[in-house]
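Written below as structure tokens is the structure these notes are about.
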2 protein chains.
Amino acid sequence: MSNQRVVAAGGAAEVGAGCEPAVLREQPVTEAQAAELARVFKALGDPVRVRLLSLIASHDGGEVCVCELSGAFDLTGPTISHHLKVLREAGLVTGERRGTWVYYRAIPEALAALAEALRPATVAGAGA
Amino acid sequence: MSNQRVVAAGGAAEVGAGCEPAVLREQPVTEAQAAELARVFKALGDPVRVRLLSLIASHDGGEVCVCELSGAFDLTGPTISHHLKVLREAGLVTGERRGTWVYYRAIPEALAALAEALRPATVAGAGA
DNA sequence: CGTCTATCTTGATAGACATCGAATCAGTGG
DNA sequence: CCACTGATTCGATGTCTATCAAGATAGACG
């Protein structure tokens with residue numbers, strides 16, 4: 001199979017990419033927007049993944065080695081790897097291999113798009 | 001049993017209530033914060049619930065009758081009721097019975113707390 | 001009180017998911 | 001080339017969840 005699976009599969013970034021901002025409270029989201037948002041929210045629907053994302057996103061230098069992440073949990077390597085894959089496929093993080101180690105990095109646009117979706121409506125109808 | 005189960009069980013609102021703002025990207029969240037955030041994110045991890053919340057939160061007058069919500073989906077009543085219960089227990093919406101009908105209303109603080117958690121760090125270290 | 005409508009609860013079932021152990025892949029260094 | 005370490009994938013398993021049909025509750029209305 002491919003040799004570089006450690007790459008985002010295009011997910012959350014699309015929520016606020018080329019389309020409307022999709023502000024949840026401004027107008028009803030379309031079925032497609034809801035599906036995309038739910039996909040990303042579901043990725044965050046696990047305490048381990050929330051902590052993983054927080055550890056990655058708040059880390060100095062912007063990237064963290066998997067070995068450092070694994071050490072923060074009472075979970076086996078494969079389980080951490082699984083959770084990182086879910087975050088990757090949701091478009092929230094990317095992983096890059098450097099030598100023996102793999103470094104993860106958050107995707108700010110994806111987090112911004114989510115925050116945007118939850119934001120209060122500008123004035124209550126002024127957004128139209 | 002009780003007669004007024006249609007009430008929030010205290011969930012998301014606590015994320016940003018009396019404690020720290022818990023900004024995901026500012027510093028690593030605690031295990032408790034991660035658990036609470038994941039609880040709410042999980043509630044949003046379903047396309048039906050995202051649409052339900054959006055329909056409720058963006059509705060003129062701030063409230064929507066269940067009958068109106070049910071009509072927007074190809075799902076049975078019990079299923080819609082189940083999803084509304086999940087949103088309620090996550091602290092994202094409240095339901096109030098008025099006569100034969102039940103009206104749902106979003107809880108702005110809960111949505112704001114979530115958006116806050118995803119917000120970019122103020123300056124990148126200035127928050128310390 | 002009986003009936004009708006709207007909503008919720010219960011019970012059952014099929015599918016999804018978190019977790020682990022074992023095996024595999026990628027790179028380093030003898 | 002072989003052994004070693006770090007990370008991922010594969011396969012299995014127990015638990016959770018989305019959905020529905022059937023039944024129960026709450027209130028309106030005769």
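Every heavy atom of this structure was used, including side-chain atoms; hydrogens, water molecules and symmetry mates were not. Numbered from 1 within each chain, the chains take letters A, B, ... in sequence-line order.
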Closer to the 5' end of DNA chain C via nearest nucleotide, is it Ser70(B) or Gly99(A)? Ser70(B)

If only side-chain N and O atoms of Tyr104(B) are considered, is one of them under 4.0 Å from the OP1 or OP2 phosphate oxygen of dC8(C)? yes

ring-ring contact (aromatic ring centres under 6.0 Å, His included): pairs with one or both residues in residues 38-59 of chain B, sequence neighbours excluded: Phe41(A)-Phe41(B)

Atom CG of Leu69(B) and atom C1' of dC8(C) are separated, to the nearest Å, by 15 Å

Here the gap from Ile107(A) atom CD1 to Leu53(A) atom CG, rounded to the nearest 0.5 Å, amounts to 10.0 Å

Take the protein atom OH of Tyr103(B) and the nucleotide atom C1' of dA26(D), then report the distance between them rounded to whole Å. 15 Å

Strand contacts (DNA chain D) in residues 71-87 of chain A, 4.0 angstrom heavy-atom criterion: Gly77(A), Pro78(A), Ser81(A), Lys85(A)

Once you apply a heavy-atom cut-off of 4.0 Å, does Arg98(B) come out as touching a base, just sugar-phosphate, or nothing? nothing

What is the distance, to the nearest angstrom, from the CZ atom on Arg39(B) to the C1' atom on dC16(D)? 16 Å

Integer-rounded Å distance: dG15(C) C1' and Lys42(A) NZ: 11 Å

Could you run down the sub-3.5 Å N/O contacts of the protein with nucleotides 3-6 of chain C?
none

Under 3.5 Å side-chain donor-acceptor pair for Tyr103(A) and Arg97(A): no

Minimal heavy-atom distance between Ala43(B) and Arg49(B), with the atoms involved, is O-NE, 2.6 Å

Donor-acceptor pair, Arg119(A) side chain versus Leu24(A) backbone, under 3.5 Å? no

For the side chain of Glu26(B) and the backbone of Val23(B), is there at least one donor-acceptor N/O pair under 3.5 Å apart? no

